[in-house]
Amino acid sequence: MRERSGVGVVCGLLVLLGALLTGCQSPSGGVAEDGRLGGQTTGGTGETATVWPAPTRPSGYGAVFLAVGECSSFGTTSFTEAPCTGERAAARVTARHDGTVRDGPRCPSTTDFVLHISEQRPASDEDGDGTVPQGYACMRNLQPPHPGDPGGGGGPRTIVGDCVYDSGDGQVRETACDGTGRRKPQYEVIRAVAERADCPAPTALYVRLGGKRPVGCARPL
């Protein structure tokens with residue numbers, strides 16, 4: 001009787017140990033041996049195939065080509081991504097959009113220049129998929145001068161405080177308000193309004209600005 005009782009105790013311990021070991025195994029969809037989260041799909045044969053989620057791109061320099069907050073080297077047609085603390089860094093990305101400038105959102109008002117990114121640039125690809133989508137990056141110089149500032153004489157947008165000159169054929173071009181540009185300023189944009197009728201009395205020229213207030217009221221200098 002003692003031998004049977006002893007065998008029963010041992011068998012009970014083995015069953016309990018097996019249950020504990022079974023409880024420690026990873027359930028379907030849990031954490032696998034390599035630390036990744038896995039899901040599962042079961043086919044008609046009863047076999048189970050594990051499906052892993054797509055890897056998450058890391059943040060910071062190099063994760064996405066010229067992402068917001070990253071920097072580029074010098075040049076508007078030939079350029080590379082560079083660490084913002086490095087000596088090769090020239091300008092920082094303030095906004096980044098896919099597509100073309102004509103079809104996409106406008107850059108911030110004080111953008112110094114725009115970098116147009118081609119659809120295929122394998123040599124510059126940072127995430128390893130072999131392509132970089134077509135897009136554009138709105139850039140701000142790390143050091144002065146800032147042509148995108150009001151009166152700076154450049155930048156992709158004309159804003160309040162900028163100066164222009166008549167280039168002929170009903171067109172105007174931006175130039176520096178302090179007279180340091182190639183052409184002397186003739187008019188200064190003093191206000192942006194929705195309609196021409198909203199411009200103040202000294203207005204002598206209407207400049208197309210775009211956006212919610214597309215009319216620039218310019219006074220003669």
Side-chain angles (χ1 to χ4, degrees), residues 61 64-79 81-82 84 89-118 132-221:
Y61 167 68
V64 178
F65 183 65
L66 286 181
V68 174
E70 294 178 352
C71 294
S72 75
S73 62
F74 294 90
T76 57
T77 57
S78 178
F79 56 90
E81 187 175 297
C84 292
R92 188 186 305 273
V93 181
T94 59
R96 174 76 155 82
H97 305 289
D98 292 335
T100 62
V101 175
R102 176 179 299 179
D103 301 327
R106 290 156 58 87
C107 283
S109 59
T110 56
T111 298
D112 287 330
F113 63 95
V114 177
L115 288 182
H116 299 271
I117 302 170
S118 62
V132 175
Q134 181 186 19
Y136 57 98
C138 309
M139 309 299 297
R140 175 81 173 172
N141 293 331
L142 294 179
Q143 301 293 334
H146 295 289
D149 285 349
R157 293 181 54 182
T158 301
I159 59 177
V160 174
D162 281 341
C163 293
V164 298
Y165 66 92
D166 186 357
S167 61
D169 298 330
Q171 302 293 324
V172 295
R173 294 186 181 277
E174 189 176 336
T175 188
C177 289
D178 60 6
T180 58
R182 294 182 179 180
R183 298 289 298 269
K184 292 183 178 181
Q186 296 176 325
Y187 305 91
E188 180 185 359
V189 180
I190 58 175
R191 187 177 298 179
V193 296
E195 300 179 357
R196 291 188 177 187
D198 298 328
C199 285
T203 300
L205 181 72
Y206 303 100
V207 181
R208 182 181 300 174
L209 304 181
K212 295 181 179 180
R213 296 181 177 180
V215 180
C217 313
R219 66 176 180 88
L221 295 175

Asks: How many angstroms lie between CD1 in I190 and SG in C163, if you round to the nearest 0.5 Å?
Replies: 11.0 Å
Asks: What are the two closest heavy atoms between E70 and F65, and how far apart are they?
Replies: OE1-C, 4.3 Å
Asks: State, with a plain yes or no, whether a side-chain heavy atom of V207 is found less than 4.5 Å away from one of T158.
Replies: yes
Asks: Could you go step by step and tell me if L66 and R96 meet the side-chain contact (heavy atoms from CB on, under 4.5 Å) rule?
Replies: CA-CA 8 Å; L66 286 181; R96 174 76 155 82; 4.2 Å; yes
Asks: To the closest 0.5 Å, what do you measure between CZ (F113) and NE2 (H146)?
Replies: 11.0 Å
Asks: Could you walk me through whether R157 and R106 pass side-chain contact (heavy atoms from CB on, under 4.5 Å), step by step?
Replies: CA-CA 9 Å; R157 293 181 54 182; R106 290 156 58 87; 2.6 Å; yes
Asks: Compare every heavy atom of P185 with every heavy atom of G179, then report the nearest pair and how far apart it is.
Replies: CA-CD, 4.1 Å
Asks: Tell me every residue that passes ring-ring contact (aromatic ring centres under 6.0 Å, His included) with Y187, counting only those two or more places apart in sequence or in another chain.
Replies: none
Asks: Determine whether a donor-acceptor pair (N or O, by modelled atom type, separation under 3.5 Å) exists between the side chain of T94 and the backbone of C138.
Replies: yes
Asks: How far apart are the closest heavy atoms of P108 and A95, and which atoms are they?
Replies: CD-CB, 3.9 Å
Asks: Output yes when a side-chain donor or acceptor of T175 lies under 3.5 Å from a complementary backbone atom of G181, and no otherwise.
Replies: no
Asks: Looking at A91, is its backbone amide N or carbonyl O close enough to the side chain of N141 to form a donor-acceptor pair, meaning the two atoms are under 3.5 Å apart?
Replies: no
Asks: Tell me, which pairs form a side-chain hydrogen bond (donor to acceptor under 3.5 Å, both in side chains) where one or both residues lie in residues 195-221, sequence neighbours left out?
Replies: E188-R219
Asks: Is the number of heavy atoms from other residues, nucleotides or ligands under 6.0 Å of R173 CZ greater than 12?
Replies: no
Asks: Side-chain contact test, heavy atoms from C-beta onward, threshold under 4.5 Å: evaluate it for V215 versus C199 and give yes or no.
Replies: yes
Asks: Just by modelled atom types, is the G168 backbone N or O under 3.5 Å from a matching donor or acceptor in the Q171 side chain?
Replies: no
Asks: Could you tell me if the ring centre of Y136 sits under 6.0 Å from that of H116?
Replies: no
Asks: With side chains defined as the heavy atoms from C-beta onward, is the minimum distance between S72 and E81 less than 4.5 Å?
Replies: no
Asks: Identify, with sequence neighbours excluded, every residue that meets salt bridge (Lys or Arg N to Asp or Glu O under 4.0 Å) alongside D112.
Replies: R140
Asks: Would you check if V93 and C71 make a side-chain contact, meaning some heavy-atom pair closer than 4.5 Å?
Replies: no
Asks: Answer yes or no: is there a donor N or O on one side and an acceptor on the other, between the side chain of D166 and the main chain of G170, under 3.5 Å?
Replies: no
Asks: Verify side-chain contact (heavy atoms from CB on, under 4.5 Å) between I159 and V189, making sure each step is shown before the conclusion.
Replies: CA-CA 7 Å; I159 59 177; V189 180; over 6 Å; no
Asks: Atom SG of C217 and atom CG of L209: how far apart are they, to the nearest 0.5 Å?
Replies: 8.5 Å
Asks: Any chance you could measure D103, atom CG, to D98, atom CG, to the nearest 0.5 Å?
Replies: 12.0 Å
Asks: One pair to check against side-chain contact (heavy atoms from CB on, under 4.5 Å): T100 and Q134. What are the steps and the verdict?
Replies: CA-CA 7 Å; T100 62; Q134 181 186 19; 3.6 Å; yes
Asks: Quick check for you: to the nearest 0.5 Å, what is the distance between R92 atom CZ and C84 atom SG?
Replies: 4.0 Å
Asks: Work out which heavy atom in D162 is nearest to a heavy atom in G152; give both atom names and the distance.
Replies: OD1-N, 4.1 Å
